[in-house]
Amino acid sequence: MSNRCASINKILPFSCVDGPGNRLAIFLQGCNLRCKNCHNPYTMGICDNCGDCIPTCPQQALSLQNGVINWNSASCEQCDTCIQQCPRQSSPMTFTYTVDELMALTRKYAAFINGVTVSGGESTLQLPFLIDYFKAIKEAPDLKHLTCLIDSNGTLSLNGWQKIAPYMDGAMIDLKSWNEDTHIYLTGRGNQRIKESIKWLANNNLLTELRLLYIPEKTDYLENIELLSQFIHSLGESILIRINAFHQHGVYGEAGNWRSAQKQHIDIFSKELIKRNIFNIKTPDIYS
Ligand code: SF4
Ligand code: SF4
């Protein structure tokens with residue numbers, strides 16, 4: 001039994017793109033990176049119940065009740081006006097779940113899924129909830145078939161990974177650039193800690209996949225291909241490298257003017273990795 005709560009932006013009962021197999025995907029609210037290319041910037045902030053979004057809603061679906069923002073999902077038409085207006089890059093359309101409530105939801109779909117993936121935002125910002133949720137799954141005899149994966153930006157400390165490690169089956173981590181300066185430009189923070197997380201997870205057989213997002217003229221993988229390849233080799237032979245292609249569509253701010261990655265960009269990048277004996281590569285199926 002756990003009454004620990006999490007702020008949740010979205011739950012997909014069945015996802016086939018958030019890890020292997022069919023998965024219950026849970027997207028937690030709040031992120032500690034500020035990626036210019038983020039497709040869901042309204043998952044970054046935590047709502048402070050200021051109420052600024054209430055008059056922007058054309059359906060009158062928002063109100064303040066006892067000082068807390070209330071969203072009437074029945075009236076909502078998903079126009080996204082409120083999240084575009086929020087000054088904190090948050091959303092009034094979030095849910096609060098206790099671990100017990102999320103376990104009840106997990107049981108509802110358990111017969112049809114291979115596992116759960118907790119994503120974000122940045123899922124590890126709500127680490128105590130994550131630990132209690134995964135622990136409850138691992139201790140439940142009827143949920144033994146479910147794997148517990150984390151989709152993370154990798155900024156969690158090694159101390160944090162050590163705490164969740166006994167209850168998780170793996171983590172999928174993004175390395176958004178090789179150089180520290182490029183990473184700060186793209187996300188607002190450096191990548192030293194992310195590289196340390198990736199190494200620690202790989203050493204402990206918990207790195208499910210390493211994700212590399214290719215943004216033409218912005219990411220620096222090709223300029224640093226030797227160092228990047230050495231880093232990947234140091235993680236072990238079996239690590240899956242997933243190359244993702246940046247899509248301009250749906251991105252706000254300056255990144256809305258960046259070029260989308262095309263098939264030739266991804267082909268050149270994956271060929272450079274293959275030349276350096278990195279073969280376990282998954283490339284995207286769809287390009288914009
Ligand atoms: S979602 Fe944003 S605008 Fe609306 S109450 Fe929360 S912080 Fe204020
Ligand atoms: S998305 Fe937001 S602004 Fe649009 S109808 Fe729903 S609550 Fe209102």
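In listed order, ligands and their atoms are each counted from 1.
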(request) Taking atom types as modelled, find out whether T155 and N153 have a side-chain donor-acceptor pair closer than 3.5 angstrom. (result)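 There is such a pair (donor and acceptor under 3.5 Å, judged by atom type) between the side chains of T155 and N153.
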Assess whether a salt bridge exists between [X] and [Y], defined as any Lys/Arg side-chain N lying under 4.0 Å from an Asp/Glu carboxylate O.
X    : Y    : value
E272 : K275 : yes
R23  : D18  : no
R276 : E226 : yes

(request) Check whether more than 12 heavy atoms from other residues, nucleotides or ligands sit under 6.0 Å from atom CZ of F112, and answer yes or no. (result)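 Atom CZ in F112 is not packed in, count stays at 12 or less.
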(message) With 2.8 Å as the limit, count the protein N, O or S atoms near atom 8 (Fe) of ligand 1.
(response)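 Number of qualifying protein atoms: 1.
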(message) Under the criterion salt bridge (Lys or Arg N to Asp or Glu O under 4.0 Å), I'd like the reasoning laid out for K176 against D220: C-alpha separation, chi angles, the key distance, then a yes or no.
(response) CA-CA 9 Å; K176 294 171 200 290; D220 60 4; over 6 Å; no
(request) Return yes when T56 approaches ligand 2 closer than 4.0 angstrom through a heavy atom, no otherwise. (result)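 Distance cut 4.0 Å: T56 fails for ligand 2.
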(request) Determine whether any heavy atom of Q85 lies closer than 4.0 Å to an atom of ligand 2. (result)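 It does not; every heavy atom stays at 4.0 Å or beyond.
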Can you tell me the protein heavy atom closest to [atom] and the distance?
atom                    : result
atom 5 (S) of ligand 2  : E77 N, 3.4 Å
atom 6 (Fe) of ligand 2 : C76 SG, 2.3 Å
atom 3 (S) of ligand 2  : C82 N, 3.4 Å

(request) Would you please name every residue forming a side-chain hydrogen bond (donor to acceptor under 3.5 Å, both in side chains) with S75, sequence neighbours left out? (result)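 By the side-chain hydrogen bond (donor to acceptor under 3.5 Å, both in side chains) rule, S75 matches N72.
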(request) Mind checking whether Q59 contacts ligand 2 via backbone (N, CA, C, O), side chain (CB onward), both or neither, at a 4.0 Å heavy-atom cut-off? (result)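 Side chain only.
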(request) Report yes if the distance between the aromatic ring centroids of F246 and Y214 is under 6.0 Å, otherwise no. (result)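 No, ring centres 6.0 Å or more apart.
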